[in-house]
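Structure, as C-alpha cells:
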Amino acid sequence: MTHATNPNGRIGQTKRRSLIEFLKRHLLTVGTGAVVALLAVIVGLQLYSLERIERFWGAYAQLWRQSYLSEVAGAVEAHYRKTAELAFDDSIAELSDESLGRLETRFADAKLEGVRRLFVVRWREADETGKIESEQLAAQFQAYAFDSDKNRLVEISQNTSAETTAILAASLPWRLLSKQTAARKSVLLTEERDPNHRIVLRTVADENSHIVGVLGFVVDENYVRERLLQPAIDEPFPKYFPGTMATNVVVSIFDREEKPLHVSPPTTEGLGDTVSYKMPFLFTDWNLQIVSRNTTPQQLARNFYRTNLLLCGLATVSILGCVGLALYSASKLMRVSQMKSEFVSNVSHELRTPLASIRVFGEFFKSGRVGDAEKMREYGDYIETESRRLTALINNILDFDKIEGNRKEYKFDRTDVSAVVADVIKTFEMQSKEHGFRIVYDQPEIALPLVKLDRDALTQALMNLLDNAVKHSLDGGWREIGVVISAVKNSVKISVRDHGIGIAPEEQNKIFEKFYRVSTGLVHDVKGSGLGLAIVKHIAEAHGGAVTVESELKKGSEFTIHLPVEKIREIEKAAL
Ligand code: ATP
Ligand code: MG
C-alpha cells in the first residue's frame with residue numbers, strides 16, 4: 001500500500017502552522033488590535049444611535065405633549081359623557097307623558113354637576129307624509145325643561161329665550177330626519193352653534209327606528225372653567241412631566257376669542273415651540289397649548305447628545321488607558337520572564353564553570369600531583385577567589401529572594417561609614433589586583449558623622465558596585481577604580497568610579513531593574529545574574545537614601561550611594 005502525499009495539503013498545513021505561530025508571537029499586538037477595533041465599532045454605533053435619538057427626540061416630545069393635552073381634554077369629555085349616562089335613560093323608546101314622568105324621576109335622582117338645564121323635546125304629530133311647512137316648524141316641537149326646584153319637567157314657551165332657541169335649533173335636524181331610519185340613533189352628540197348654550201343631546205328612537213324626540217342638557221360653562229379644568233390639567237401633569245421637567249413647560253387654554261382661560265405657571269413667557277390641541281367633544285373652539293419655558297426638546301436633545309458624547313469620549317479614553325496599561329504591564333511581565341530565563345542560564349553558567357575548575361584543582365591536590373609550592377599557592381588562590389565569588393553570587397540570590405518576599409531585615413547601628421568603606425576595599429583589593437585594577441580611595445578630610453546603617457547590607461552594596469566596576473571594565477578602559485566619600489549638607493555620599501565601557505543614557509534607568517543586563521556591545525560576554533544593582537537600589541532605599549549613576553559610553557561610570565543623615569536620624573528614632 002502506498003501513501004500518496006498531497007503537497008498542497010502540506011503547504012496549507014505549514015501555512016496554518018506559521019499563522020498560529022505568528023498569532024502566538026504577536027498575541028499582545030493582535031489582541032490589542034482586536035480590542036481597539038471592537039471599541040471603534042462600539043463607539044461608532046454609539047454615535048450613530050445618539051444622533052438618531054437626537055433627531056427623533058423633538059418629534060417624540062411633541063407627541064408626548066400632545067398626548068398630555070389630549071388627556072386634559074379627555075377629562076372634560078369623560079365628565080360630560082358620564083353626566084349624560086347618569087341623566088339619560090337608554091331604555092326609553094318613546095316620549096309619552098308616562099315616559100316624561102319616568103324621566104322626571106331620573107332627572108330628580110341623578111346628581112349632576114356642570115349642567116345648566118336638562119331638557120326633553122318631542123315632536124308633535126306631523127302630517128302623514130312627514131312634511132313640515134317651514135312656518136309651522138316651531139309648532140312641531142314640544143319642549144320641556146327640568147325645573148330642579150319643583151323636580152318637574154315644565155313645558156317651555158317657544159322663542160322666548162336664547163336658551164330655548166338653542167335647544168330647538170339643536171333638535172331641529174332630528175325632527176327633519178325623524179322618519180329616516182338611517183339617521184343616527186341613540187348617539188351622544190354635541191351642538192355648539194351657540195357657544196353660550198352648548199348642548200349635549202341624545203336622540204330617542206321608537207321601535208320603527210323613527211326618531212321621536214331628543215333628551216339633552218345645556219352645559220354649564222362656568223363649572224367647566226372654574227371646577228373642571230384645573231384638576232384636569234393637574235392630575236396627569238406629574239405623570240407626563242416628572243421632576244425638573246415640570247418647571248420647563250407652560251400649559252395654557254384659550255377660549256374661542258383667544259382669551260386665556262388658564263395659564264400655568266402664570267407667565268406668558270415661552271420659547272415659541274408651541275404644541276396645540278383642540279378639544280374633541282365639547283368646547284371644540286377652545287385651544288389647549290403647551291410651550292417650553294427654559295429649554296426646548298431640541299435643545300435638550302442637543303445637550304443630551306453633547307453630554308453622552310463627552311461620556312463616550314471619556315469611556316473610550318479610560319478603556320484605551322486600561323488597554324495601554326495592560327499592554328505595558330504585559331510587556332513588562334514578558335520582559336521580566338525573558339530576563340528570568342536569561343538569569344537562570346547565566347547563573348547556571350556562573351556556577352558550573354568555577355565549580356568545575358575547583359573540582360579539577362581539588363582532584364590535583366588529592367592525587368598529590370602538585371608538588372610545586374608556587375603552583376599550589378596559585379591553585380589555592382584560584383579556589384579561594386572563585387569560592388568567594390560563588391559566595392557573593394549566592395548571597396545576592398538569597399538576598400534578592402528575601403527582598404522579593406519582603407523578608408529582608410536590616411539591623412541599623414551607629415557606624416562610621418569610612419570604616420565600612422575601608423574594610424570593603426581591603427577585602428576587595430585581592431580580587432581587583434588579580435585583574436590588574438588599582439583602587440584609589442579618597443579619605444574624607446573632615447570627620448564624618450556616625451550614621452545608623454546596616455553594616456553588612458552596605459558592605460554588600462559596595463561589593464556589588466566594585467564588582468561591577470571591575471567586571472564591566474575588563475574589555476577596555478583604564479584599570480583604576482576611584483572610591484570617594486563626601487559629606488554634603490544632609491547626606492553622606494559614597495561614589496565608585498570606573499573608567500570602563502560606560503552605559504548608554506537610555507539604559508541608565510533600566511540597569512536598576514531586576515535581571516536587567518545590557519545585552520549589546522562588549523558587555524554581552526560578561527557573566528552575571530542582573531541582580532546586583534537591584535539589590536544596591538533596595539539597600540540604599542532601605543536606608544532612606546538612593547543610588548544614582550552618571551556615565552558616558554567608552555569613558556566610564558560613577559555610581560553613588562546617597563545616605564541622607566536626616567532620614568538616618570528618623571530610622572534611628574524608629575529603632576529606639
Ligand atoms: P550580577 O548580578 O552578577 O551583579 P550584573 O553585574 O550583570 O550581574 P547588575 O550589577 O545588576 O548585574 O548590573 C546590571 C547591568 O548594568 C550589567 O549587566 C551591566 O550591563 C551594567 N553595568 C553595571 N555596572 C556597570 C559599570 N560599572 N560599567 C558598565 N556597565 C555596568
Ligand atoms: Mg553586578
Side-chain angles (χ1 to χ4, degrees), residues 340-402 419-441 454-483 496 498-501 515 517 519 522-536 539:
K340 255 186 189 166
S341 52
E342 273 172 27
F343 161 81
V344 171
S345 83
N346 281 339
V347 169
S348 330
H349 184 76
E350 280 233 41
L351 290 174
R352 207 183 305 121
T353 321
L355 281 176
S357 319
I358 290 170
R359 197 180 61 232
V360 171
F361 290 130
E363 278 165 9
F364 275 168
F365 284 127
K366 197 170 97 185
S367 64
R369 269 189 278 155
V370 198
D372 183 350
E374 184 60 29
K375 277 264 179 251
M376 248 163 124
R377 199 168 40 249
E378 192 190 317
Y379 293 166
D381 257 3
Y382 182 86
I383 291 172
E384 193 193 340
T385 321
E386 286 305 300
S387 357
R388 203 176 292 123
R389 207 201 306 283
L390 286 178
T391 311
L393 175 69
I394 288 163
N395 280 348
N396 263 359
I397 294 171
L398 291 178
D399 249 54
F400 176 74
D401 181 50
K402 277 190 200 152
V420 179
V421 174
D423 276 358
V424 172
I425 290 172
K426 212 162 133 201
T427 319
F428 192 76
E429 247 164 359
M430 294 219 292
Q431 226 168 298
S432 59
K433 251 189 220 146
E434 174 196 338
H435 298 290
F437 278 83
R438 193 167 76 90
I439 296 181
V440 180
Y441 173 38
D454 183 317
R455 199 187 175 100
D456 289 346
L458 188 64
T459 304
Q460 193 186 3
L462 289 172
M463 285 297 267
N464 266 304
L465 291 184
L466 290 169
D467 177 55
N468 280 353
V470 170
K471 195 158 78 172
H472 303 297
S473 306
L474 287 172
D475 289 316
W478 166 25
R479 301 202 166 191
E480 186 181 284
I481 298 166
V483 179
V496 177
D498 64 57
H499 305 276
I501 53 167
F515 309 126
R517 307 186 70 232
S519 57
L522 297 166
V523 148
H524 198 68
D525 296 331
V526 179
K527 287 172 219 143
S529 65
L531 293 180
L533 287 178
I535 292 170
V536 174
I539 291 173

Does the side chain of Val470 come within less than 4.5 Å of Leu466's, by heavy atoms?
no

Distance col, row Ile394:CD1 vs Ser529:OG, nearest 0.5 angstrom, shows 11.5 Å

Query raised in the report: So Leu462 and Val536, side chain to side chain contact (heavy atoms under 4.5 Å, CB included) or not? Walk me through it.
Result: CA-CA 8 Å; Leu462 289 172; Val536 174; over 6 Å; no

Going by heavy atoms in the side chains, are Arg455 and Asp423 under 4.5 Å from each other? yes

Here the gap from Glu429 atom CD to Ile481 atom CD1, rounded to the nearest 0.5 Å, amounts to 10.0 Å

Residues 381-402 vs salt bridge (Lys or Arg N to Asp or Glu O under 4.0 Å), sequence neighbours excluded, gives Glu384-Arg388, Glu386-Arg389, Asp399-Lys408, Asp401-Arg407

- Could you walk me through whether Phe428 and Phe437 pass the side chain to side chain contact (heavy atoms under 4.5 Å, CB included) check? CA-CA 10 Å; Phe428 192 76; Phe437 278 83; over 6 Å; no

Heavy atoms of Asn464 and Gly532 approach each other most closely as OD1-CA, 3.5 Å

One should read off an interatomic distance between Asp498 CG and Glu480 CD, to the nearest 0.5 angstrom, of 11.0 Å

Hits for side chain to side chain contact (heavy atoms under 4.5 Å, CB included) against Ile397, two or more places apart or cross-chain, chain-then-number order -> Phe343, Val347, Leu393, Leu531

The reported gap from NZ in Lys433 to OG1 in Thr385 (rounded to nearest 0.5 angstrom) is 12.0 Å

Donor-acceptor pairs under 3.5 angstrom involving side-chain atoms of residues 357-366: please list them, not counting sequence neighbours.
from: Ser357; atom 1: OG; to: Thr353; atom 2: O; distance (Å): 3.0
from: Ser357; atom 1: OG; to: Tyr382; atom 2: OH; distance (Å): 3.4

Item to complete: With the side chain counted from C-beta on, respond yes when Asp467 and Met463 share a heavy-atom pair under 4.5 Å apart, and no when they do not.
Response: no

Residues at least two apart in sequence or cross-chain that pass side chain to side chain contact (heavy atoms under 4.5 Å, CB included) with Ala457, listed by chain then number, are Tyr410, Asp454, Ile539, His543

Would a 4.5 Å heavy-atom cut-off, applied to side chains only, mark Leu351 and Leu390 as touching? yes

Tightest non-hydrogen contact, residues Ser473 and Gly500, listed as OG-CA, 3.4 Å

Quiz item: Is there a side chain to side chain contact (heavy atoms under 4.5 Å, CB included) between Val344 and Lys340 once you walk through the steps?
Solution: CA-CA 6 Å; Val344 171; Lys340 255 186 189 166; 5.6 Å; no

Sorted by chain and number, sequence neighbours left out, side chain to side chain contact (heavy atoms under 4.5 Å, CB included) with Lys375 holds for Val370, Asp372, Glu378, Tyr379

Closest non-hydrogen contact found for Ala469 with Val496 is CB-CG1, 4.2 Å

Checking Glu350 side chain against Gly528 main chain: does a donor-acceptor pair fall under 3.5 Å?
yes

Residue set satisfying salt bridge (Lys or Arg N to Asp or Glu O under 4.0 Å) with Asp456, at least two apart, ordered chain then number -> none

